[in-house]
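What follows is a single structure, written as structure tokens, with notes after it.
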Number of protein chains: 2
Amino acid sequence: MLHGINETLKRNQLSITDSRKKILELFVRASGALAHADIENQSGTEFDRVTIYRTLQTFVEKGIIHTIPTADNSVRYALCKDACTEGHHHDDHVHFMCDDCGKTYCLDHVTVPAVALPKGFQATQTDVIVSGKCMNCA
Amino acid sequence: MLHGINETLKRNQLSITDSRKKILELFVRASGALAHADIENQSGTEFDRVTIYRTLQTFVEKGIIHTIPTADNSVRYALCKDACTEGHHHDDHVHFMCDDCGKTYCLDHVTVPAVALPKGFQATQTDVIVSGKCMNCA
DNA sequence: TAAGTTAATGCAACAATGTTGCAAAATATT
DNA sequence: AATATTTTGCAACATTGTTGCATTAACTTA
Ligand SMILES: [Mn+2]
Ligand SMILES: [Mn+2]
Ligand SMILES: [Zn+2]
Ligand SMILES: [Zn+2]
């Protein structure tokens, strides 16, 4: 699966650089979501902080990863598993944050329910964040 | 309705100070949610930035206001209309963010749907954030 | 209501997070 | 291999949030 990384970058018309390869690899290996700080920790002093910010931003724009809204207002990112493309995300799954271990999960098979809005409101996106105890901590 | 402010503070065993009165008043008057910056703007140089942070924190702890998770990761606050008490919030309503005007609404009458989680996951809280166009911008 | 007690505020200093411009380095193209 | 393009690292800055502590304001009780 490791060589899929270069292909993912190519497919998205991104030049293949050390930081992009390494950061994308971290996401592929990760079982849950990653925060900026996680990436900074796991890659040591290898890359500049700014490079990580820019790489994450690029990946989001290309539809390689998506951001996860959290109740504690810390930004997290996870691989897009659906057919997301540049400027067009389709990550309509529920997210789960464990209060115990802090891990954030993409529940890819739990789709977000439809919400009936009051008259006049038009939805374009719905985010659902569930928190509680995860399968490892329950 | 203005004298309800002092009573709300008393009921929550908070001493009545200028900053608390003014900030609570801003929430009562506001039709939507407020960010820290909104409060800072609307109160001018009247209060120190730190005081605003501490007041908001106190109000959240007491169950007077609740935080709203947002997709763009900016903290917003709104009055609790349900029976929230110290350390016990019951704001199980859907939130709406307008992409046009930026306003955040508490849809008090739209309750969050139940979500069926995979085996092993235990929910304690569910947040639903819908974004799109609000009644004024649609 | 005045004195004593308790709690909140303002200030300064700091920490964390994120952004921008630009020269140097790496990647892609020919 | 030479050139053109993109990305990176660095420095500097902006924003957001936190903490300790002396001053000030609010509350309590006499
Ligand atoms: Mn996800
Ligand atoms: Mn609300
Ligand atoms: Zn867990
Ligand atoms: Zn609007």
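Heavy-atom basis, side chains included; hydrogens, waters and symmetry copies ignored. What you see is a predicted model; the values in this text were computed from it and never measured. Just so we're on the same page: letters track the sequence lines, and every chain starts at 1.
In summary, Arg29(B) and Glu25(B) engage in a salt bridge, as defined by a charged side-chain N under 4.0 Å from a carboxylate O.
Between Thr17(B) and dA7(C) there is no side-chain polar atom (N or O) within less than 4.0 angstrom of OP1 or OP2. Under 4.0 angstrom from either OP1 or OP2 of dA8(C) there lies no side-chain N or O belonging to Ser19(B). For dT8(D), neither phosphate oxygen OP1 nor OP2 lies less than 4.0 angstrom from any side-chain nitrogen or oxygen of Thr51(A).
In terms of position on DNA chain C, the residue among Asp18(B) and Arg49(B) whose nearest nucleotide sits closer to the 5' end is Asp18(B). When the nearest nucleotides of DNA chain D are assigned to Leu14(A) and Val50(B) by heavy-atom distance, the more 5′-ward of the two goes with Leu14(A). Mapping Ala37(B) and Asp48(A) onto DNA chain D by nearest heavy atom places Asp48(A) at the nucleotide closer to the 5' end.
Arg54(B) contributes no side-chain N or O that forms a donor-acceptor pair with the base of dG17(D) under 3.5 Å.
Summarising the geometry, the separation between OH on Tyr53(A) and P on dC10(D) is reported as 16 Å, rounded to the nearest angstrom. Rounded to whole Å, the distance from CG on Leu9(B) to C1' on dA26(D) is 13 Å.
Side-chain atoms of Gln57(A) lie closest to dT19(C) of the nucleotides dG17(D), dT19(C), dC27(D). For Ser15(A), the side-chain atoms get nearest to dT6(D) when compared with the rest of dG18(C), dG9(D), dT6(D). The listed nucleotides are dT8(D), dG18(C), dC27(D); the one nearest the side chain of Ile16(B) is dC27(D). Closest contact between the side chain of Arg20(A) and the listed nucleotides dT7(D), dT9(C), dA8(C) involves dT7(D).
Thr51(B) and Arg54(B) share no donor-acceptor pair across their side chains, judged by distance under 3.5 Å alone. In summary, the side chains of Lys133(B) and Thr124(A) do not present any donor paired with an acceptor at a separation below 3.5 Å, with no hydrogens or angles considered.
When ring centroids are compared, Phe121(B) and Phe96(A) come within the 6.0 Å threshold. Note: Tyr53(B) and His36(B) meet the aromatic proximity criterion, with ring centroids under 6.0 Å apart.
Glu46(A) comes within 4.0 angstrom of the backbone, heavy atoms only, and of no base.
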